[in-house]
Amino acid sequence: MSTLPPDNEGRRLLLLDDGRTERIEPDLTDDEIKARFDLDRVARSPKIPFCEGLLLDGPLAGTRNYAVNELGSRATYYLPRPPAGEIPGPLPQRGVVYEVVVLGADGKPAELRHVSDPTGTG
């Protein structure tokens, strides 16, 4: 079952193995869901604590982006591509990794420090 917010009628999103989705009443038990949709089991997705994140250093210093509000959580952000005429061949897009070092709270963003880039050059 998805962690997306309920719809206007309070129904939750259920993702089925065959790719279908259904909206179901919020008070259904796992046993009722299994019986209604002929399922062997029901798995509930954990809620992911997304928040705004501030990248403190590195090549994207000062940039605000989304982050998972858990200490040590890492995310890859991508540097802007160079203009098409400056580089022959396919345009590279380099990702850089940041880690949450201070949790976001009370309207303040989580703070993230630059950890590395995929080339291992820091």
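One is the number of the first residue; the rest follow in order along the sequence. Just so it is clear, the structure is predicted and the values come from calculations on it, not from any experiment.
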Kindly check if the number of other-residue, nucleotide or ligand heavy atoms within 6.0 Å of [atom1] ([X]) is above 12?
X: Lys108; atom1: NZ; result: no
X: Phe37; atom1: CZ; result: yes
X: Asp27; atom1: CG; result: yes
X: Asp18; atom1: CG; result: yes

Answer yes or no: is there a side-chain heavy-atom contact under 4.5 Å between [X] and [Y]?
X: Leu54; Y: Val102; answer: no
X: Val68; Y: Val100; answer: no
X: Leu28; Y: Arg36; answer: yes
X: Asp30; Y: Arg44; answer: yes
X: Leu13; Y: Arg23; answer: yes
X: Tyr98; Y: Leu60; answer: yes
X: Ser116; Y: Val96; answer: no
X: Ile24; Y: Arg11; answer: no

- [ ] State whether the side chain of Asp57 and the backbone N or O of His114 hold a donor-acceptor pair below 3.5 Å, judged by distance alone.
- [x] yes
- [ ] Would you confirm whether Asn69, through its side chain, and Pro49, through its main-chain N or O, come within 3.5 Å as a donor-acceptor pair?
- [x] no
TODO: To the nearest 0.5 Å, tell me how far Ile33 CD1 sits from Leu39 CG.
DONE: 8.5 Å
Open item on the list: Nearest 0.5 Å, please: how far is CG in Leu15 from CZ in Arg20?
Closed with: 11.5 Å
Open item on the list: Hydrophobic clustering (ILVMFWY, side-chain heavy atoms < 4.5 Å, transitive) - are Tyr66 and Leu55 grouped together?
Closed with: no
Open item on the list: Between Val101 and Leu103, is there shared hydrophobic-cluster membership here, with clusters defined by ILVMFWY side-chain heavy atoms closer than 4.5 Å?
Closed with: no
Taking all non-hydrogen atoms of both residues into account, name the closest pair between [X] and [Y] and its distance.
X: Ala110; Y: Cys51; value: CB-SG, 3.7 Å
X: Ala67; Y: Gly53; value: CB-CA, 4.2 Å
X: Lys34; Y: Val42; value: CG-CG2, 3.5 Å

Open item on the list: Under 4.0 Å between a side-chain nitrogen and a carboxylate oxygen: does that hold for Glu99 and Arg74?
Closed with: yes
